Amino acid sequence: MTQTSENVTWLTQASYNQLKAELEYLSGPARVEIAQKIEAAREEGDLKENGGYHAAKEEQGKQELRVRQLTQLLQNAKVGEAPADDGIVEPGMVVTIAFDGDEDDTLTFLMASREYASSDIETYSPQSPLGVGVNGKKVGEEAEYELPNGSTASVKILAAKPYQG
């Protein structure tokens, strides 16, 4: 779970450990692996028409960007506890909302930084329009947020529980 405030990112200990492990892998074994791929592709000859070489170099660039992102994130991280189970929407909570009060049209998501996004549950950033609209609301309250087309949508908070993942 993450909560971004200015340049500080709040992380649970589990999130911090997960991101630190990813950084250590990318900074160590993954760098060696990509260097080996580049060297193997380089040995194939003409670099202008060597698709494997160019793909490996592109992969290396993406990997180094992720290393920089993780380094900056972890430098500015503050480790804290998961949010309280108090029914108030905040980063680190799994939130269920109903669109326009229709309890058959619902969405359940984790409100957290994109850094914590996983395939297990949809993730919305606290800075997203929906995140801004529901942040600080209590279960049972209505919230409004701006849609990409400029109109406004309303939702009702049905549940807000700390993320246990």
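Keep in mind the model is a prediction, meaning the values are calculated, not measured. Numbering of residues begins at 1 and proceeds along the displayed sequence. Only this structure's heavy atoms are used, side chains among them; waters, hydrogens and symmetry mates stay out.
- Remark: T108 pairs with T96 by the side-chain hydrogen bond (donor to acceptor under 3.5 Å, both in side chains) rule, at least two apart or across chains.
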Solution key, residues 129-139 side-chain donor-acceptor pairs under 3.5 Å, sequence neighbours excluded:
none

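- With sequence neighbours left out, the side-chain hydrogen bond (donor to acceptor under 3.5 Å, both in side chains) criterion links E64 to R31.
- Residues passing the salt bridge (charged side-chain N to carboxylate O under 4.0 Å, His left out) test with E39, sequence neighbours excluded: R42.
- When side chains are defined from C-beta on, D100 does not count as touching D105, because their heavy atoms never get closer than 4.5 Å.
- At a threshold of 4.5 Å between side-chain heavy atoms, the hydrophobic network of Ile, Leu, Val, Met, Phe, Trp and Tyr places L70 and Y16 in one connected group.
- I157 and I88 are not part of a single hydrophobic cluster, where members link through side-chain heavy atoms under 4.5 Å apart.
- Within the structure, salt bridge (charged side-chain N to carboxylate O under 4.0 Å, His left out) contacts touching residues 50-62 (residues at least two apart or in different chains) are K37-E59, E58-K62.
- Applying the side chain to side chain contact (heavy atoms under 4.5 Å, CB included) test to L147 and every residue at least two apart in sequence or in another chain returns Y145, N149, S151, A153.
- Residues satisfying the side-chain hydrogen bond (donor to acceptor under 3.5 Å, both in side chains) criterion with N50, sequence neighbours excluded, are absent altogether.
- There is no path of hydrophobic side-chain contacts, each under 4.5 Å, that joins I97 to L158.
- Put simply, the side chain of F109 does not reach to within 4.5 Å of the side chain of V94, judged on heavy atoms.
- N17 meets the side chain to side chain contact (heavy atoms under 4.5 Å, CB included) test with Q13; sequence neighbours excluded.
- Residues passing the salt bridge (charged side-chain N to carboxylate O under 4.0 Å, His left out) test with E44: none are found, sequence neighbours excluded.
- E33 pairs by the side-chain hydrogen bond (donor to acceptor under 3.5 Å, both in side chains) definition with Y25, not counting sequence neighbours.
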